[in-house]
Amino acid sequence: MPLTRKAYRAAILHSIADPAEVGIEASYEYFEDGLLVVDNGQISALGHASELLASLPADIEITHYQDALITPGFIDTHIHLPQTGMVGAYGEQLLDWLNTYTFPCESQFADRAHAEEVAEIFIKELLRNGTTTALVFGSVHPQSVNAFFEAAEKLDLRMIAGKVMMDRNAPDYLTDTAESSYLESKALIERWHGKGRLHYAVTPRFAPTSTPEQLTLAGQLLGEYPDLYMQTHISENLQEVEWVKELFPERKGYLDVYDHYQLLGERSVFAHGVHLCDDECARLAQTGSAVAFCPTSNLFLGSGLFNLPMAEKHKLNVGLGTDVGGGTSFSLLQTLNEAYKVMQLQGARLSPFKSLYLATLGGARALRLEERIGTLQPGTDADFLVLDYNATPLLSYRLKQSKSIAETLFVLMTLGDDRTVAQTYAAGNLVHQR
Ligand code: GUN
Ligand code: ZN
């Protein structure tokens, strides 16, 4: 195959470590006039334009973006494909919200054509918002995952998804059985896991909607294939936590249910974790499990405030999740805007560099994909964004007052959204142009 080499010149910023571990200054690299070189879908060089240009052939194609910032693509560690049509549903908290809005909306995925239509809309929306990798809940119907992976494969995206397993406490029209969920998940794993840049996640919805038999089979699946993911929800809402205690009285608590069925591990991502206790954070960290922090959802559904400092204390891997449709935006910039406020309400801060880390390298680490995505290090996938400093009149005016990249970054996260993402590249291909 002939080498396709391209270079991109702009201000360039990426996270290289967790500020909680190395301090803010050592956590990022910033090139005011940077150059990113891409060979056949992978990053081959990153540095100051003045230094790198001399080493490149004179005829190399260079795209120069003015008043713009190149960052790694964003990573959404928790989102629901079949809830695209119900974002912003009024009035309820988690359990009533599921029954009133979520389950009826997800039932539409019984129709294959509907699943295909929404998968296209959903992927476009991810890319418009600069999300190049997401960990995605399908519906209970296997075709939700087939439709999603077919659309993602066409664009050579790095994506993770799974069919929801739920065999109780949900309407009959939306439940599977322990055995059917096992067999259908297995067929999807055989078809998609490890194909191109696609990965499969075993997806028990949450403890209340699975019987012990189904949770046992979910754990069994994880043992049958290497590098499978596991995604579920945990300790999002106080009523939910009480319900789990009633349903599993023999277990010590919510996390212990998942622990008992062997669902913890390095590729396990638990959404929310708003009401986790200290011991549960310690156990999650000990098993290498990760938590998805979903601030827009936790505020919208009145679930509570995620305790990021506690997670940091335990060195727990944390990614950022939009949790659409409980969350109210596909934009990880808007998600960070809300994350900052969640910290403020707890008397804590979220520095712009920690925010960048959460949306990129932190998410990649939560997914054990930091060798492939989440930074702009040479040798990784060329999944990156061009953020436009002039996306809106207010952003443009505000950024003219900025005195540092820290201030610029913070304002991008406060005022920014899908309009800020001018271009999205995945595997070196332009997959969204505003
Ligand atoms: N817990 C179980 N299912 C769901 C869901 O679809 N969304 C949210 N936010 N929490 C859940
Ligand atoms: Zn969710």
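Ligands are counted one by one from 1 in listed order, and the atoms in each one are counted from 1 as well.
- Taken from CZ in Arg205 to OG1 in Thr175, the straight-line distance is 12.0 Å, to the nearest 0.5 Å.
- Around ligand 1, the residues contributing at least one heavy atom under 4.0 Å from the ligand are His80, Gln83, Leu94, Trp97, Leu98, Arg205, Phe206, His233, Glu236, His272, Asp323.
- Contacts of His80 classified as ring pair (Phe, Tyr, Trp, His ring centres under 6.0 Å), with partners at least two apart in sequence or in another chain: His78, Phe137, His233.
- Salt bridge annotation for Asp259-Lys252: absent, with no cationic side-chain nitrogen under 4.0 angstrom from a carboxylate oxygen.
- Near-neighbour remark for the Zn ion (ligand 2): protein N, O or S atoms under 2.8 Å are His78 NE2, His80 NE2, His233 NE2, Asp323 OD1; waters not counted.
- When ring centroids are compared, Phe149 and Trp192 come within the 6.0 Å threshold.
- Ring pair Phe353/Tyr28 is parallel by interplanar angle, where below 30° counts as parallel and above 60° as perpendicular.
- Between Phe330 and Phe122, the gap from one ring centroid to the other is short of 6.0 Å.
- Considering every non-hydrogen atom in both Asp76 and Leu332, the closest pair reads N-CD1, 3.9 Å.
- Taking Tyr425 as the reference, Tyr8, Phe384 meet the ring pair (Phe, Tyr, Trp, His ring centres under 6.0 Å) condition, with sequence neighbours excluded.
- Minimum interatomic distance between Leu221 and Leu228 (heavy atoms only, all atoms of both residues): O-CD1, 3.5 Å.
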